[in-house]
Peer 1: 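Here it is, the structure in full.
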Amino acid sequence: MPGRDSPFRNRSAAENLDLFRRMKAGEFPNGARSLRAKIDMAAPNLWLRDPLLYRIRHVPHHHAGAAWCLYPLYDYAHCLSDYFEGITHSICTLEFVDHRPLYDWLLGSLDLPRALPHQYEFAKLTLGYTLVSKRKLLRLVQENKVAGWDDPRMPTLSGLRRRGIPAHAIRQFVANLGVTKHDSLTEVAVFEHTIREALNHSSERRLAVLKPIKIVLTNLAPGEVLVCQATNNPQSESPTTRAVELTREVFIESDDFAEVPPPKYFRLKPGGEVRLKYACIIKLDEIVQDSAGAITELRCTADLTTRNGQPNCDKKVKGTIHWVSAEQAIDAEVRLYDRLFTVPEPGASEDFLSLVNPHSLETVQAKLEPSLAASAAPACYQFERLGYFTPDAKESTPARLVFNRTITLRDAWAK
RNA sequence: UGUCCGAUGGUGUAACGGUAGCACAAGGCCCUUUGGAGGCCUUUGUCAUGGUUCGAAUCCAUGUCGGACAGCCA
């Protein structure tokens with residue numbers, strides 16, 4: 001069914017030019033006049049039915065100020081600016097396929113001397129559990145669902161970088177995807193794999209405990225220090241080491257202890273043995289509780305013959321866990337990020353604000369090995385057995401360290 | 001409803017008309033002072049029905065399913 005002609009469709013060119021000058025001069029209020037291309041009101045493609053080119057908007061422009069009250073519509077500006085800039089291939093997303101005939105018509109009607117640009121449309125990169133629409137991202141910022149455009153949970157470049165994701169990983173991810181013309185949803189696992197691959201090779205290892213529980217090594221004297229050598233990066237061609245010091249009191253991860261262990265639990269349990277990484281094997285002798293029944297410390301015996309270079313250093317135990325010296329550890333706030341949304345396709349719902357993951361940020365007070373005291377962004381570290389972490393570029397200072405978790409390590413046990 | 005676009009394992013993608021491959025995911029095994037990393041192996045696919053052809057994921061027809069658009073937004 002053809003469209004209905006505008007009552008002004010057959011106005012003369014001279015009359016239109018005069019009106020256009022008056023529109024430009026600011027003679028009319030918003031919406032009182034407009035300028036259309038005269039194409040074909042019977043065209044099956046709706047965008048060819050005399051589309052609007054200019055409309056009046058009395059609002060200042062962020063570059064041009066108040067000089068203009070006339071603004072072109074996207075379709076008109078797009079093809080022309082491509083031509084002005086000498087673009088040959090103008091790449092955009094699928095929703096503009098219907099507009100291509102108008103893009104071509106406008107350029108073709110102008111008798112232009114140079115070769116005309118062509119528009120090519122491809123599917124946008126839709127990532128699971130993520131939004132990429134700028135308009136929707138804006139609402140997350142405006143309604144304080146995140147702490148700003150560079151919140152480490154945001155899929156903006158500034159957010160990804162603050163999260164600690166290397167630029168190289170972002171490029172590699174995009175290069176791995178390929179480009180097509182049908183709508184797709186890329187699983188976040190693909191992005192996460194690229195990030196881990198990049199960070200695994202470049203990040204130095206450090207020891208850090210996010211949720212500490214205290215261990216007392218009863219056969220070490222108070223003040224006694226055993227120096228151990230820790231590998232900085234086992235992926236390196238020629239790995240270097242640093243010293244970490246074992247003392248009578250250390251912190252381990254509370255997740256690495258189970259009073260009632262599930263089947264196949266390799267970590268510390270009553271009567272069980274684990275290796276403190278780079279140090280020695282310890283055996284749990286006694287669980288100390290306060291009057292309320294809460295566990296206050298675990299008393300263990302260290303087998304010093306299992307240290308590196310000692311006769312039993314090759315002794316095998318199922319579990320190896322990370323630790324920090326309680327006397328030497330430094331404090332840091334660590335922000336644990338998770339996916340921002342609870343569903344794979346938050347963009348499919350108008351109600352996406354209610355789909356924000358309430359657990360997308362958890363903050364803990366962690367204990368770090370002392371070598372991290374001088375760390376600053378953009379350094380990235382692997383906290384052994386936990387994941388990759390980077391000092392927050394905005395808020396971390398030597399006096400008050402703040403780390404962002406970029407991503408966890410793969411965890412075969414969690415499955 | 002109209003116009004347009006698309007359809008290959010769970011996901012994302014390759015394959016002049018000529019062996020359906022790669023990555024992620026999943027599963028199994030080996031190794032391991034990170035339940036990490038690494039190594040080896042495995043499962044799963046051409047939307048359907050016809051046609052053309054010696055031969056079709058690819059070309060043609062019809063159908064099915066999915067998506068975009070129908071703003072004085074971009």
Peer 1: Near RNA chain B, under 4.0 Å by heavy atom, which residues of residues 38-54 of chain A?
Peer 2: A/Pro44, A/Leu46, A/Trp47, A/Leu52

Peer 1: It should be established whether A/Arg100 places a side-chain nitrogen or oxygen under 4.0 Å from OP1 or OP2 of nucleotide B/C5.
Peer 2: no

Peer 1: Could you tell me whether A/Arg162 and A/Asp392 have a side-chain N and a carboxylate O separated by less than 4.0 Å?
Peer 2: yes

Peer 1: List in chain and number order the residues that pass side chain to side chain donor-acceptor pair (under 3.5 Å) with A/Glu286, two or more places apart in sequence or in another chain; answer none if no residue qualifies.
Peer 2: none

Peer 1: Could you list the residues that satisfy salt bridge (charged side-chain N to carboxylate O under 4.0 Å, His left out) with A/Asp151, not counting sequence neighbours?
Peer 2: A/Arg153

Peer 1: Would you call B/G71 syn or anti, using the 90° rule around 0?
Peer 2: syn

Peer 1: Nearest of B/A14, B/G35, B/C5 to any side-chain atom of A/Lys181?
Peer 2: B/C5

Peer 1: Provide the distance between the two P atoms, one in B/C4 and one in B/G9, to the nearest whole Å.
Peer 2: 27 Å

Peer 1: Give every residue pair that meets the side-chain hydrogen bond (donor to acceptor under 3.5 Å, both in side chains) criterion with at least one member in residues 176-194 of chain A, sequence neighbours excluded.
Peer 2: A/Gln172-A/Asn176

Peer 1: Distance check needed: B/G36 P versus A/Phe266 CZ, whole Å only.
Peer 2: 10 Å

Peer 1: Assess, by modelled atom type and distance only, whether the side chains of A/Ser354 and A/Asp351 contain a donor and an acceptor separated by less than 3.5 Å.
Peer 2: yes

Peer 1: Please answer whether the main-chain N or O of A/Phe257 pairs with a side-chain N or O of A/Tyr265 as donor and acceptor at a distance below 3.5 Å.
Peer 2: yes

Peer 1: From the options B/C24, B/G71, B/G35, select the nucleotide whose nearest atom is closest to the side chain of A/Ala412.
Peer 2: B/G35

Peer 1: Are the side chain of A/Arg205 and the backbone N or O of A/Ser203 linked by a donor-acceptor pair below 3.5 Å?
Peer 2: yes

Peer 1: Using atom CZ of A/Phe96 as one end and atom C1' of B/U3 as the other, report the distance to the nearest whole Å.
Peer 2: 17 Å

Peer 1: Is atom CZ of A/Arg57 surrounded by more than 12 heavy atoms (other residues, nucleotides or ligands) closer than 6.0 Å?
Peer 2: no

Peer 1: Tell me, please, which residues at least two apart from A/Lys316 pass side chain to side chain contact (heavy atoms under 4.5 Å, CB included).
Peer 2: none

Peer 1: Please compare A/Val190 and A/Ala279 by the position of their nearest nucleotide in RNA chain B and report the one closer to 5'.
Peer 2: A/Val190

Peer 1: Measure centre to centre between the rings of A/Phe96 and A/Tyr74, then say whether the value is under 6.0 Å.
Peer 2: yes

Peer 1: List every contact pair, protein side and nucleotides 42-44 of chain B side both N or O, where the distance is under 3.5 Å.
Peer 2:
none

Peer 1: Decide ring-ring contact (aromatic ring centres under 6.0 Å, His included) for A/Phe403 and A/Phe389; before the verdict, give the C-alpha distance in whole Å, the side-chain angles of both, and the deciding distance to 0.1 Å.
Peer 2: CA-CA 6 Å; A/Phe403 277 82; A/Phe389 295 79; 7.2 Å; no

Peer 1: Would you classify A/Arg267 as touching base, sugar-phosphate or nothing, given that sugar-phosphate means primed atoms plus P, OP1 and OP2, and contacts are heavy atoms under 4.0 Å?
Peer 2: base

Peer 1: Near RNA chain B, under 4.0 Å by heavy atom, which residues of residues 298-322 of chain A?
Peer 2: A/Thr306, A/Asn308, A/Cys313, A/Lys316, A/Thr320

Peer 1: Assign A/Arg196 to base, sugar-phosphate, or nothing according to its heavy-atom contacts below 4.0 angstrom with the strands shown.
Peer 2: nothing

Peer 1: Within the supplied structure, the quantity of interest is the number of heavy atoms (other residues, nucleotides, ligands) at a distance under 6.0 Å from A/Arg114 CZ; does it exceed 12?
Peer 2: yes

Peer 1: Taking the side chain of A/Thr180 as heavy atoms from C-beta outward, which of B/C73, B/G35, B/A14 is closest to it?
Peer 2: B/A14

Peer 1: For B/C24, does OP1 or OP2 lie under 4.0 Å from any side-chain N or O of A/Thr194?
Peer 2: no

Peer 1: With C1' as the reference atom in both, quote the distance from B/C65 to B/A48 in angstrom, rounded to an integer.
Peer 2: 10 Å

Peer 1: Start at the 5' end of RNA chain B and walk down; is the nucleotide closest to A/Gly31 or to A/His182 reached first?
Peer 2: A/His182

Peer 1: Atom CZ of A/Arg4 and atom P of B/A70: how far apart are they, to the nearest Å?
Peer 2: 19 Å

Peer 1: What does A/Gln382 touch in the nucleic acid at a heavy-atom separation under 4.0 angstrom: a base, only the sugar-phosphate, or nothing?
Peer 2: base

Peer 1: Which nucleotide in the list B/G36, B/C5, B/G12 gets nearest to the side chain of A/Arg205?
Peer 2: B/G36

Peer 1: Could you tell me whether a side-chain N or O of A/Arg339 sits under 3.5 Å from a main-chain N or O of A/Pro344, the two making a donor and an acceptor?
Peer 2: no

Peer 1: Tell me whether the side-chain N/O atoms of A/Ser34 come closer than 4.0 Å to OP1 or OP2 in B/C72.
Peer 2: no

Peer 1: According to the salt bridge (Lys or Arg N to Asp or Glu O under 4.0 Å) rule, which pairs have a member within residues 76-99 of chain A, sequence neighbours left out?
Peer 2: A/Glu95-A/Lys124

Peer 1: Is it true that a side-chain atom of A/Arg275 and a backbone atom of A/Thr306 form a donor plus acceptor pair closer than 3.5 Å?
Peer 2: yes

Peer 1: Round to the nearest Å and state the distance from A/Leu94 atom CG to B/U3 atom P.
Peer 2: 19 Å

Peer 1: With no hydrogens and no angle check, just 3.5 Å: does a side-chain donor-acceptor pair link A/Glu121 and A/Gln119?
Peer 2: yes

Peer 1: Are any side-chain N or O atoms of A/Lys38 and backbone N or O atoms of A/Asp50, one a donor and one an acceptor, separated by less than 3.5 Å?
Peer 2: no

Peer 1: Near RNA chain B, counting only heavy atoms under 4.0 Å, which residues of residues 154-176 of chain A show up?
Peer 2: none

Peer 1: Over how many whole Å does the gap from A/Leu125 atom CG to B/U11 atom P extend?
Peer 2: 17 Å

Peer 1: So, A/His78 and A/Ser90: side-chain donor and acceptor under 3.5 Å apart, yes or no?
Peer 2: yes

Peer 1: For the pair A/Thr231 (side chain) and A/Pro234 (backbone), establish whether a donor and an acceptor sit closer than 3.5 Å, ignoring hydrogens and angles.
Peer 2: no

Peer 1: Report yes or no: does A/Arg405 contribute a side-chain atom to a donor-acceptor pair with the main-chain N or O of A/Tyr337 at less than 3.5 Å?
Peer 2: yes

Peer 1: Considering every strand and a 4.0 Å limit on heavy-atom distances, what is the contact class for A/Leu185: base, sugar-phosphate, or nothing?
Peer 2: sugar-phosphate

Peer 1: Can you find a donor-acceptor pair, distance only, under 3.5 Å between A/Arg385 side chain and B/U34 base?
Peer 2: no

Peer 1: What are the residues of residues 233-241 of chain A, sorted by number, that bring a heavy atom to within less than 4.0 Å of RNA chain B?
Peer 2: A/Pro234, A/Gln235

Peer 1: Output the residues of residues 57-85 of chain A in contact with RNA chain B, where contact means a heavy atom of the residue under 4.0 Å from an atom of the strand; sort by number or write none.
Peer 2: A/Leu73, A/Tyr74

Peer 1: Starting from Watson-Crick (N1-N3 plus N6-O4 or O6-N4) and G-U wobble pairs under 3.5 Å, report the runs of at least three that RNA chain B belongs to.
Peer 2: B:1-7 with B:64-70, B:10-13 with B:21-24, B:26-30 with B:38-42, B:47-51 with B:59-63

Peer 1: Parallel under 30°, tilted from 30 to 60°, perpendicular over 60°: which one fits the rings of A/Phe20 and A/Tyr54?
Peer 2: tilted

Peer 1: In whole Å, I'd like the distance from the CG atom of A/Leu177 to the C1' atom of B/A14.
Peer 2: 14 Å

Peer 1: Is atom CH2 of A/Trp68 surrounded by more than 12 heavy atoms (other residues, nucleotides or ligands) closer than 6.0 Å?
Peer 2: no

Peer 1: Separation of A/Asp255 atom CG from B/G36 atom C1', in whole Å?
Peer 2: 16 Å

Peer 1: Strictly distance-based, threshold 3.5 Å: is any side-chain N or O of A/Ser360 a donor or acceptor partner for the main-chain N or O of A/Asn357?
Peer 2: yes

Peer 1: Give the rounded distance in Å between these two atoms: CG of A/Leu199 and P of B/U34.
Peer 2: 19 Å

Peer 1: Check if the side chain of A/Glu187 and the base of B/G10 share a donor-acceptor pair of N or O atoms closer than 3.5 Å.
Peer 2: yes

